[in-house]
Each structure stands twice: as structure tokens, then as C-alpha cells.
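Just so we're clear, the structure is a prediction, and the values are computed from it rather than from any experiment. For the single chain, residues carry numbers from 1 onward in sequence order.
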Amino acid sequence: MKVLTKQAGSARPPFRARPVRTGGGLSVRIDVRSLTVVVLLLVAAVTASVVLIGTGDFPIPAGDVLKTLFGNGEVGQEFIVNELRLPRVLVGLLVGASLGLGGALFQAISRNPLGSPDVLGLAQGSTAGALTVIVLFSGSAAEVTLGALFGGLVTGLAIYVLAWKRGVHGYRLVLVGIGVSAMAVAVNGYLLTKADIVDAARAVVWMTGSLNGRDWEQVWPLLGLWAVLVPLVLGNARGLYMLEMGDDVAYALGVRVERTRLLLMLAAVLLTAAATAAAGPVAFVALTAPQLARRLTRAPGPNLMPAMCMGATLLVVADWASQRAFGADQLPVGVVTGVLGGVYLLWLLVTERKAGRI
């Protein structure tokens with residue numbers, strides 16, 4: 001099977017950007033369609049979040065949710081909204097946005113629509129780190145989080161080193177990532193066989209990917225990481241756009257190719273590992289969000305902001321579906337994203353095959 005080397009949807013006509021001049025004489029080009037997509041996705045994410053906060057054994061109307069969020073709710077509603085449901089929704093938004101942004105970075109670096117953390121093995125590496133803490137050390141929730149972060153960083157470093165040969169190229173990155181992913185899956189299976197029944201049950205629940213029980217302890221670390229990584233990524237967006245056109249073009253345009261690639265890969269690894277540590281390995285959001293965003297914007301380039309907003313929207317909507325769409329049976333959100341993502345992956349493979357790229 002030939003490895004994909006072209007982003008799906010990149011053959012579309014170039015996007016239309018509108019120049020905007022500032023008072024200081026600066027000129028900024030804004031893609032109106034992409035900006036519209038970002039605004040609509042933000043509105044969808046906020047709307048889904050308000051609906052999700054009002055969903056549960058004690059339903060709260062959307063109007064009362066908004067009043068409570070602005071400090072005008074009843075005492076009972078304030079406790080339910082601010083202490084029980086709002087942290088879960090914020091974790092879902094941050095995890096989804098982190099996976100969407102991390103997936104967009106990896107797909108842009110590898111120039112491959114399959115170059116996502118799910119395929120490259122980063123989620124599996126983070127899972128291996130968490131399982132090691134759970135099975136071998138019976139660690140606390142905070143220690144499991146650190147284990148997942150460490151596992152993701154080690155996996156990302158291994159992929160980068162093994163894929164290095166006078167630079168890191170897309171097809172080699174994907175192939176090495178698939179191999180590392182298979183090794184991580186084998187390690188995870190071995191750890192589960194060595195665990196006692198209590199630790200194994202705890203590990204399986206974590207491996208599914210769930211937002212159940214998430215509180216402010218997961219929100220603040222994600223926000224802190226975002227405050228550092230998102231400005232860093234957006235500040236290097238131009239270099240990433242040039243990398244998508246090839247290393248030679250990027251060099252000619254003054255981009256420090258390997259430095260930019262390594263910096264953005266590190267940011268993507270940290271975003272993915274932090275999301276996995278907070279909610280477990282939620283499947284396929286990192287794969288689907290960037291491609292769906294690209295199809296909506298019809299714009300070339302990494303589409304970082306649309307992918308980030310799409311990831312947040314997808315995860316919140318999937319969390320609502322996991323709670324309400326299956327009657328009395330509440331599913332972990334990772335089950336819903338896995339089903340939807342699997343269908344999307346099959347569709348993507350069929351589309352790429354018809355186009356003659358695989």
C-alpha cells in the first residue's frame with residue numbers, strides 16, 4: 001500500500017482572503033470563510049456545552065444554566081452547575097480542542113491525512129505510561145496523569161529519533177509511528193495480563209476514554225498548558241504552512257525547517273499527552289477534526305483554529321450523545337467517538353482509494 005503524501009481536500013481551489021489594513025499601516029489577510037467557520041463552530045460548542053450542563057438526573061433549563069453561570073442562579077443549581085457539571089464540560093472542551101490542534105499539527109508535519117496521534121501511537125504510548133502507574137505502582141489519579149504525560153513524551157521522542165534520517169519526512173514518520181503504536185499496544189496488553197482484577201478493571205475504564213468524574217483538578221493543568229502551547233503554535237503557523245509545501249521551499253523562504261518541525265512536534269505531543277492524561281485515550285477526534293475543518297473551510301494549510309474548534313465541538317456533542325442517545329445506558333465518550341471515527345476512517349480510505357492515492 002502506498003503511503004498517503006497529500007492532504008485530503010488540498011486539490012480544492014485556493015481560498016479567498018480579504019486584506020484588512022490597520023491604523024498603523026499594517027496589512028493582514030483574513031480568510032472570510034475560515035473565520036466564519038470558526039465563529040459558527042464556537043457558537044455550536046457553546047450551545048452544546050450549555051445543553052450538556054443542563055443534562056442529567058436533575059435537568060436544568062438552558063436559561064437557568066446561563067443565569068447560574070453568570071452568578072444569578074439558585075443555591076442548588078449553583079452547586080450542580082459550577083461544582084459538578086461545568087468542570088466536566090470544560091475538560092471536554094479543552095481535551096477536544098487539544099486533540100484537534102495536535103492532530104492538525106501532525107497531519108501538517110507529515111503531510112498525510114492519516115498522520116494523527118491515533119495512528120502514530122502517541123495515545124497508545126500515553127496509555128502505556130498510565131497503565132504502568134496503575135498496574136505496577138497502584139498510583140493515585142495525579143500519578144496516573146504524570147505517567148500518561150511521561151509515556152506520551154517518551155513515545156514522541158522515540159518516533160522522532162527512529163524517523164530521523166537527514167531530517168524527518170512525512171511518510172517515514174507515519175510508518176515509524178505505526179510500528180511504535182503496535183509495540184505500545186503489545187505493552188498495554190502485557191500490563192493488563194499482569195494486573196489483579198481491581199487494577200485491571202480500573203485500567204480498562206481509563207483506557208476507554210471518559211469524562212466521568214472530571215473536576216477542577218483536571219481543568220487547571222490543561223488551562224496552564226494551553227496558555228503556553230497555543231500561543232507558541234500559532235506564532236509558528238507561518239512556518240508550518242511553509243513546511244506543507246516541502247522542505248526545500250520552506251528553506252528557500254527562510255524557515256528553520258528542523259527547528260520548527262521539532263518545536264511543533266513537541267507541542268503536539270504535549271497537547272495529545274495532556275488530553276490523554278485528563279480523559280484517557282479518546283479515539284479518533286485528532287484524526288477527524290482537522291479533516292472535517294479542512295472540508296468546511298476549503299482552505300489550504302493546517303487550519304489550526306478551525307481544527308481546534310471542531311475538536312472541542314465534536315467531543316462535547318459526543319459526550320451529550322453518550323449520556324442521552326442510548327436510553328438508560330450511559331456510555332463512555334470514547335466509545336461514541338470510536339464508532340463515529342471508525343466510520344469516518346473507512347470513508348476516508350475509500351475516498352483516497354478512488355482518488356488513486358492508496
Side-chain angles (χ1 to χ4, degrees), residues 6-20 27-52 89-90 92-109 111-117 226 229-231 233-245 264 267-268 271-272 275 282 284-321 336-337 340-341 343-345 347-348 351:
K6 186 176 181 180
Q7 285 274 17
S10 59
R12 290 192 175 99
F15 66 96
R16 297 176 180 177
R18 178 175 297 176
V20 177
S27 179
V28 180
R29 296 182 68 84
I30 297 177
D31 177 9
V32 178
R33 184 185 179 95
S34 295
L35 181 60
T36 303
V37 168
V38 167
V39 172
L40 291 177
L41 287 174
L42 286 174
V43 171
V46 171
T47 303
S49 299
V50 171
V51 173
L52 184 57
V89 171
L90 289 177
L93 290 171
L94 290 171
V95 167
S98 298
L99 292 174
L101 182 57
L105 288 172
F106 273 114
Q107 290 179 16
I109 291 171
R111 284 179 282 167
N112 192 314
L114 294 179
S116 79
W226 257 55
L229 292 182
V230 172
V233 170
L234 296 181
N236 286 274
R238 178 183 176 276
L240 181 63
Y241 182 87
M242 300 304 173
L243 285 177
E244 280 199 313
M245 295 188 290
L264 293 176
L271 287 167
T272 304
V282 180
F284 287 113
V285 173
L287 174 67
T288 58
Q291 291 301 311
L292 292 175
R294 177 182 289 267
R295 282 165 170 75
L296 287 176
T297 62
R298 299 180 183 176
N303 286 276
L304 298 180
M305 286 295 294
M308 193 162 51
C309 297
M310 177 62 75
T313 304
L314 282 178
L315 195 55
V316 173
V317 172
D319 191 31
W320 177 87
V336 178
T337 61
L340 297 177
V343 172
Y344 170 80
L345 179 59
W347 174 83
L348 177 63
T351 302

**Request:** Tell me, please, which residues at least two apart from Thr36 pass side-chain contact (heavy atoms from CB on, under 4.5 Å).
**Result:** Val32, Leu40

**Request:** Could I get the full list of side-chain contact (heavy atoms from CB on, under 4.5 Å) partners for Val51, not counting sequence neighbours?
**Result:** Thr55, Trp320

Using 0.5 Å steps for rounding, measure from the [atom1] atom of [X] to the [atom2] atom of [Y].
| X | Y | atom1 | atom2 | value |
| --- | --- | --- | --- | --- |
| Thr288 | Leu99 | OG1 | CG | 9.5 Å |
| Gln107 | Ile109 | CD | CD1 | 11.0 Å |
| Leu264 | Leu229 | CG | CG | 10.5 Å |
| Arg298 | Leu296 | CZ | CG | 9.0 Å |

Which atom pairs, donor and acceptor, lie under 3.5 Å between side-chain atoms of residues 302-315 and protein residues at least two apart or in another chain?
{"unit_1": "Asn303", "atom_1": "OD1", "unit_2": "Thr297", "atom_2": "OG1", "d": "2.8"}
{"unit_1": "Asn303", "atom_1": "ND2", "unit_2": "Ala299", "atom_2": "O", "d": "3.1"}
{"unit_1": "Asn303", "atom_1": "ND2", "unit_2": "Gly301", "atom_2": "O", "d": "3.1"}
{"unit_1": "Thr313", "atom_1": "OG1", "unit_2": "Leu41", "atom_2": "O", "d": "3.2"}
{"unit_1": "Thr313", "atom_1": "OG1", "unit_2": "Cys309", "atom_2": "O", "d": "2.9"}

What heavy-atom pair brings [X] and [Y] nearest, and what distance separates the two atoms?
| X | Y | answer |
| --- | --- | --- |
| Val282 | Val285 | CG1-CG2, 4.0 Å |
| Val316 | Gly92 | CG2-C, 4.4 Å |
| Thr272 | Gly102 | OG1-CA, 4.4 Å |

**Complete:** For residues 309-318, the salt bridge (Lys or Arg N to Asp or Glu O under 4.0 Å) pairs (sequence neighbours left out) are none

**Message:** List the residues meeting side chain to side chain donor-acceptor pair (under 3.5 Å) with Ser98, not counting sequence neighbours, and say none if there are none.
**Reply:** Trp226

